[in-house]
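Let me begin by presenting the structure, written as structure tokens, before commenting on it.
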Amino acid sequence: MTETADVVIIGSGIVGSSVAYHLTNAGCRNVLVIEREPHQGKGSTGKSMGGVRAQFSTPANILMSIYSIDFFSKFDEVVGHPADYRPHGYLFCATNERHLAYLESNRMRQLALGLKDVQQVSREDILGFVPQLRVDDVIGGVFCPTDGFVDPHSVMMGFMLNARELGARLWLDTAVEGIEVEGHEGDRRITGVTTKRGRVSTQVIVNAAGPWAAAVAGMAGADLPVHPLRRQLVPTEPFDRLPKRFPMVIDMSTGFHFRREGAGILLAWNDPEETPGFKMDFDPAFTEKILTHAANRVPCLAEAEVNPRRAWAGLYEMTPDHHAIIGPSPDVKGLYFVNGFSGHGVMHSPASGRITADLILHGRSGLLDAPQLSVERFATGQLLKETAVL
Ligand SMILES: Cc1cc2nc3c(=O)[nH]c(=O)nc-3n(C[C@H](O)[C@H](O)[C@H](O)COP(=O)(O)OP(=O)(O)OC[C@H]3O[C@@H](n4cnc5c(N)ncnc54)[C@H](O)[C@@H]3O)c2cc1C
């Protein structure tokens, strides 16, 4: 017997789970999520740093963050499961006038779009957050107290558990092997998916395959400019020479940033020498590079112990303008993209699930002007260009 579903979601990471949650809560209950791994969270979601921030440069990202962070603040009550949202803030530190002016023009845009408490901070304020920071070259910064952290695994599980309580089905250990499309050029539409468990008949497919999204789009003969880029994180062993609680601190001179993770510190840095590809192994040479940046900005971190076996690597899903692609495929009717978060898929999971469900069910979204996020922008040249990428 052929299975049928109103909507098939390919991928059960935080984004696919959020789409399932938003669809089922909007009344669309015959939803099937198909995941090739035996457990959820084996893709980028399980590798994330869990940072959430509204301090972006484009209106679309700022609006998606405002919606999402408000959602995280009510997640436990609304979804019925914990998100572990910790509003510890994000603190951007500038060492030159150009960076300070950039932060200030972003802050003005964020305030105009409704972000309330984002504020300028002085060098002295910055020292108040982390007295151990080297600030001789810091000329100021910006802090937003509602930015902070969530637990990505809990958010993903919460979305999916809630969706399943409302009727969504989750098939684990089931790779989607093909997408069936009918019709001719100019009028092609989805009719089903093939998996090792058999065929599923559907007219709507959501591609939520994270860094593997281009391959899934290719199964339907559609182009999707999403490529994987390795991203590495290094945790220290327990370290008590920094405060117990402090914001995510971003050194804008290098892009080095860090936050507390339990008893230790989690160190992050976007290595400009990294090249695209499905590279999942942690590169031991990265440890020395990141520790150099860490000790330069926070001298006492030179004393921190690091066990390279506890460090890890994962994949960002990058687009050419560092902005998510959300919306219907122009080439194949019934195929929807929710991909290419370029490092922001955890923080934007509530908004992206909501927008995708809105588009499937109503053809438009009440959250923002969704066509700007469409994949068609790469053909028309109307790129969004996010520059505040960490
Ligand atoms: C080191 C690191 C740090 C990060 N830090 C942050 C952060 O601080 N804040 C933030 O917001 N974001 C962060 N991100 C980005 C964030 O993790 C991702 O944007 C987000 O997890 C994407 O979620 P997803 O559900 O789209 O993808 P994924 O979690 O990768 O899920 C995709 C799923 O699709 C499945 N799949 C793929 N192909 C198929 C198929 N053919 N059939 C069935 N299933 C398939 C995969 O198995 C996978 O489970 C970070 C990423 C990394 C790597």
Side-chain angles (χ1 to χ4, degrees), residues 8-20 32-53 56 61 64-65 68-69 72 90 147-153 155-156 159-160 170-179 193-197 205-219 226 228-235 248 257 259 261 266-270 274 278-280 282 286 311-319 324-326 337-353 356 389-390:
V8 167
I9 300 170
I10 303 175
S12 72
I14 200 163
V15 172
S17 300
S18 173
V19 176
L32 173 63
V33 185
I34 305 182
E35 168 58 55
R36 68 177 168 198
E37 298 289 346
H39 306 288
Q40 284 185 259
K42 305 275 274 183
S44 297
T45 301
K47 307 290 167 62
S48 167
M49 200 177 184
V52 302
R53 63 176 159 117
F56 278 101
N61 271 343
M64 285 175 69
S65 288
S68 297
I69 292 172
F72 287 130
Y90 263 57
D147 290 349
F149 320 113
V150 294
D151 175 28
H153 193 263
V155 171
M156 173 187 71
F159 275 139
M160 187 59 82
L170 170 62
W171 286 2
L172 294 171
D173 207 4
T174 310
V176 168
E177 291 163 347
I179 293 180
V193 292
T194 50
T195 77
K196 71 172 186 192
R197 277 214 213 184
I205 289 177
V206 177
N207 179 352
W212 301 275
V216 166
M219 290 179 191
V226 172
L229 186 66
R230 180 168 61 177
R231 175 79 179 180
Q232 309 187 79
L233 296 177
V234 176
M248 179 83 87
H257 51 292
R259 71 166 173 86
E261 169 76 12
L266 189 55
L267 312 176
W269 176 62
N270 177 3
E274 192 57 79
F278 286 97
K279 292 180 264 177
M280 312 284 278
F282 180 77
F286 181 76
W312 71 90
L315 298 170
Y316 269 17
E317 337 81 57
M318 302 303 292
T319 64
I325 297 169
I326 304 181
F337 300 127
V338 55
N339 305 114
F341 287 90
S342 306
H344 316 130
V346 165
M347 66 182 87
H348 285 164
S349 58
S352 54
T356 306
V389 178
L390 293 179

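Predicted model only: the values in this text are computed from it and were never measured. In each ligand, atom 1 is the first atom listed, and ligand 1 is the first ligand listed.
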Answer whether the closest heavy-atom distance between the side chains of [X] and [Y] falls below 4.5 Å.
| X | Y | answer |
| --- | --- | --- |
| L266 | L233 | yes |
| W212 | F278 | yes |
| V216 | V176 | no |
| F72 | P350 | yes |
| E261 | M49 | no |
| T45 | H153 | no |
| V19 | V338 | yes |

Distance under 4.0 Å to a non-hydrogen atom of [X]: what atoms of ligand 1 satisfy this?
| X | value |
| --- | --- |
| V15 | 23 (O), 24 (P), 25 (O), 26 (O) |
| G50 | 7 (C), 8 (O) |
| E37 | 47 (O) |
| I34 | 43 (C), 44 (N) |
| A175 | 42 (N) |
| R231 | 1 (C), 2 (C) |

Counting distance only, does the side-chain N/O of S44 pair as donor-acceptor with the main-chain N or O of L315 below 3.5 Å?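 Judged by distance alone, yes, a pair lies under 3.5 Å.
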
Can you check whether I14's main-chain N or O pairs, donor with acceptor, with S18's side chain at less than 3.5 Å?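 Side chain of S18 to backbone of I14: no pair is present.
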
Look at [atom] and say which protein heavy atom is nearest, naming residue and atom and giving the distance to 0.1 Å.
| atom | value |
| --- | --- |
| atom 50 (C) of ligand 1 | Y316 CE1, 3.5 Å |
| atom 43 (C) of ligand 1 | R36 N, 3.3 Å |
| atom 22 (C) of ligand 1 | E317 OE2, 3.8 Å |
| atom 5 (N) of ligand 1 | M49 N, 3.0 Å |
| atom 34 (O) of ligand 1 | G11 CA, 3.3 Å |
| atom 30 (O) of ligand 1 | S44 N, 2.8 Å |
| atom 14 (N) of ligand 1 | G343 O, 3.7 Å |
| atom 20 (C) of ligand 1 | G345 CA, 3.9 Å |

When you compare ligand 1 with [X], is there at least one nitrogen or oxygen pair between them that comes in under 3.5 angstrom?
| X | result |
| --- | --- |
| G314 | no |
| V346 | yes |
| L233 | no |
| M347 | yes |
| P211 | no |
| G51 | yes |
| F341 | no |
| T45 | yes |
| S12 | no |

Between D173 and R197 (salt bridge meaning N to carboxylate O under 4.0 Å), is one present in this structure?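 The answer is no: the pair does not qualify as a salt bridge.
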
Less than 4.0 Å between a side-chain N and a carboxylate O, is that true for E274 and R231?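 Answer for the salt bridge query: no.
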
Under 6.0 Å from the ring centre and within 45 degrees of the ring axis: does the NZ or CZ of R259 meet both conditions for the six-membered ring of F149?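 Because its charged atom sits under 6.0 Å from the ring centre and within 45° of the axis, R259 does stack over F149.
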
Within a reach of under 6.0 Å around NZ of K279, are more than 12 heavy atoms found that belong to other residues, nucleotides or ligands?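 Result for NZ/K279: enclosed.
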
Report the part of N339 (side chain from C-beta onward, or backbone N, CA, C, O) that has a heavy atom under 4.0 Å from ligand 1; answer both or neither where that applies.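 Looking at N339 and ligand 1, no heavy atom falls under 4.0 Å.
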
Side chain, backbone, both or neither: A208 near ligand 1, heavy atoms under 4.0 Å: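 Contact part for A208 vs ligand 1: backbone (N, CA, C, O).
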
Shortest non-hydrogen contact from G210 to N339?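 Heavy atoms of G210 and N339 come nearest at N-ND2, 4.3 Å.
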
Just to be sure I'm reading this right: ignoring hydrogens, which of K42, K47, E35, H344 gets closest to atom 48 (C) of ligand 1? Compare them by their nearest heavy atoms.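 It is E35 that holds the nearest heavy atom.
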
Evaluate ring-ring contact (aromatic ring centres under 6.0 Å, His included) for F56 paired with H348, printing each intermediate quantity in order. CA-CA 12 Å; F56 278 101; H348 285 164; 5.3 Å; yes

